[in-house]
Amino acid sequence: MIITADINKRFGTLQALCGISLQFSRGECIALLGPNGSGKTTLIKSILGMVVPDSGTLHFDGENIKGKWLYREQIGYMPQIGRYPENMTIAQVMHMMKDLRKSPDKQLDEELIERFGLNSLLNKKMRTLSGGTTQKVSASLAFLFNPSVLILDEPTAGLDPLSSEVLKQKILKEKQKGKLVIITSHVLSELDDLVSQVAYMQEGSLVFHKTLSSLKEETGQRKLSAAITRIMKLQHYE
């Protein structure tokens with residue numbers, strides 16, 4: 001589905017990505033983890049076509065994305081911090097995105113709009129929304145066009161527990177449909193019931209890419225956070 005081969009990217013003296021080679025397949029929910037500055041955001045932006053790597057190749061559904069843009073219509077992206085025109089209402093933002101994507105209404109997935117109760121807030125202007133409500137708008141837009149790939153950056157940040165659970169159930173539902181879901185998060189406890197694979201980055205390099213089951217078996221830990229802590233300690237002492 002998505003294959004990166006020896007991706008490198010430098011910003012001035014900073015080597016943001018160092019030979020990243022990964023393969024993400026349909027039907028997987030993958031946690032892309034690592035400390036701040038590890039290169040996660042640069043890798044995501046490379047997949048989205050927002051950053052052009054200095055070298056290496058990136059394939060989407062078997063096709064090299066270099067110079068291409070239509071593949072992006074198959075990706076639903078939820079940024080960590082959604083930024084929208086402040087004077088527009090939620091309804092206007094939704095209509096604007098629909099016009100840009102030109103997607104038939106019958107193909108739209110408005111489940112999250114309903115589950116989050118956004119239908120009663122459609123006339124609210126974006127500048128008046130709380131951070132949590134803005135997150136709900138971002139999540140709803142990511143799923144709205146029924147994409148085959150979902151890239152969710154800190155998706156539960158700012159959400160109340162009930163809304164967070166609604167979003168997690170939606171993620172699982174889409175994964176079961178055979179979609180690829182990539183999640184970045186610092187709240188590892190929220191990922192235990194979601195992800196099937198873990199890719200861990202540090203200082204622009206890929207430290208490991210393992211299935212969650214093999215990671216837990218290798219470390220003897222039941223929780224993702226404990227498993228990652230254990231494997232990083234083991235690698236530190238090697």
Side-chain angles (χ1 to χ4, degrees), residues 27-36 38 40-41 44 75-84 86 89-91 93-94 97 108-147 149-201 211-213 215-216 219 221-230:
E28 302 285 355
C29 184
I30 298 163
L32 181 60
L33 306 177
N36 291 333
S38 61
K40 303 187 303 295
T41 298
I44 285 174
I75 300 177
Y77 174 52
M78 180 182 178
Q80 182 176 356
I81 300 175
R83 292 183 171 86
Y84 306 97
E86 294 186 349
T89 64
I90 295 176
V93 169
M94 297 285 182
M97 296 306 297
L108 296 177
D109 181 353
E110 299 185 334
E111 181 180 352
L112 282 182
I113 296 175
E114 298 174 5
R115 295 289 304 277
F116 284 149
L118 292 179
N119 283 323
S120 63
L121 303 174
L122 291 176
N123 292 323
K124 293 276 189 181
K125 293 199 172 183
M126 298 305 297
R127 68 167 182 269
T128 69
L129 303 183
S130 66
T133 303
T134 301
Q135 281 288 89
K136 293 176 184 179
V137 172
S138 294
S140 299
L141 287 172
F143 287 82
L144 182 60
F145 299 100
N146 206 14
V149 176
L150 291 150
I151 299 179
L152 312 175
D153 192 357
E154 300 286 349
T156 60
L159 292 181
D160 60 84
L162 179 59
S163 298
S164 179
E165 187 61 27
V166 166
L167 180 55
K168 286 191 286 185
Q169 291 303 315
K170 180 62 173 175
I171 291 170
L172 287 172
K173 184 177 179 180
E174 297 308 298
K175 174 193 167 187
Q176 290 165 0
K177 290 179 181 178
K179 297 185 179 183
L180 167 62
V181 185
I182 302 172
I183 302 176
T184 72
S185 178
H186 287 99
V187 187
L188 301 188
S189 60
E190 299 215 335
L191 301 178
D192 279 300
D193 299 326
L194 290 177
V195 303
S196 52
Q197 298 182 15
V198 179
Y200 192 91
M201 296 180 64
T211 65
L212 181 60
S213 58
L215 180 62
K216 290 181 176 180
T219 59
Q221 303 293 328
R222 296 176 60 188
K223 295 291 186 181
L224 174 59
S225 56
I228 288 178
T229 300
R230 177 65 175 163

> Any donor and acceptor pair, going by atom type alone, linking the side chain of E114 with main-chain N or O of N119 inside 3.5 Å?
Replying inline: no

> Side chains of L167 and L112: does their closest heavy-atom pair fall under 4.5 Å?
Replying inline: yes

>> One thing to verify: whether K173 and D109 come together as a salt bridge, which I'm taking to mean a side-chain N less than 4.0 angstrom from a carboxylate O.
In response: no

>> Return the CZ to CD distance between R230 and Q221, rounded to the nearest 0.5 Å.
In response: 7.0 Å

>> Can you confirm whether more than 12 heavy atoms, excluding those of K168, are under 6.0 Å from its NZ atom?
In response: yes

>> Can you see whether S38 engages Y200 through a side-chain donor-acceptor pair at a distance of less than 3.5 angstrom?
In response: no

> Rounded to the nearest 0.5 Å, what separation is found between the NZ atom of K40 and the CD atom of Q80?
Replying inline: 9.0 Å

> Does CG belonging to N146 count more than 12 external heavy atoms closer than 6.0 Å?
Replying inline: yes

> Looking at V198 and L33, what are the two nearest heavy atoms and their distance?
Replying inline: CG1-CD1, 3.8 Å

>> Is the shortest side-chain heavy-atom distance between L215 and L224 below 4.5 Å?
In response: yes

> How far does OG of S138 sit from CE of M78, to the nearest 0.5 angstrom?
Replying inline: 5.5 Å

> Do you know which two heavy atoms are closest between I75 and P147, and how far apart they sit?
Replying inline: C-CB, 3.8 Å

>> Walk me through whether S196 and L212 qualify under side-chain contact (heavy atoms from CB on, under 4.5 Å).
In response: CA-CA 5 Å; S196 52; L212 181 60; 5.8 Å; no

>> So which atom in R222 and which in D192 form the shortest heavy-atom distance, rounded to 0.1 Å?
In response: O-OD1, 4.2 Å

> Considering only heavy atoms from C-beta outward, does the side chain of I171 approach that of F143 to under 4.5 Å?
Replying inline: yes

>> So which atom in P155 and which in Q135 form the shortest heavy-atom distance, rounded to 0.1 Å?
In response: O-NE2, 3.4 Å

> Would you say the side-chain atoms of T134 pair up with the backbone N or O of S130, donor to acceptor, closer than 3.5 Å?
Replying inline: yes

> Any idea which heavy atoms bring M126 and Y84 closest together, and the distance?
Replying inline: CE-CD1, 3.5 Å

> More than 12 heavy atoms of other residues, nucleotides or ligands under 6.0 Å from NZ of K223: is that the case?
Replying inline: no

> How long is the span from the CG atom in L194 to the OG1 atom in T156, to the nearest 0.5 Å?
Replying inline: 9.0 Å

> Are the side chains of M201 and L32 in touch, meaning some heavy atoms are under 4.5 Å apart?
Replying inline: yes

> Could you state the interatomic distance from OG (S225) to NE2 (H186), rounded to the nearest 0.5 Å?
Replying inline: 13.5 Å

> Can you name the nearest heavy-atom pair linking A31 to L191, along with the distance?
Replying inline: CB-CD1, 3.9 Å

> Can you name the one residue among L121, T128, L159 that meets side-chain contact (heavy atoms from CB on, under 4.5 Å) with T133?
Replying inline: L121

> Looking at side-chain heavy atoms only, is the closest gap between D160 and K136 below 4.5 Å?
Replying inline: yes

> Taking atom CD1 of I30 and atom CD1 of I151, what is their separation to the nearest 0.5 Å?
Replying inline: 10.0 Å

>> Contact between M94 and S140 at the side-chain level, heavy atoms closer than 4.5 Å - yes or no?
In response: yes

> Do V181 and L152 have side chains that get closer than 4.5 Å, going by heavy atoms?
Replying inline: yes

> Between D153 and T184, does any side-chain donor sit less than 3.5 Å from a side-chain acceptor?
Replying inline: yes

> So do E111 and K170 actually touch side chain to side chain, heavy atoms under 4.5 Å?
Replying inline: yes

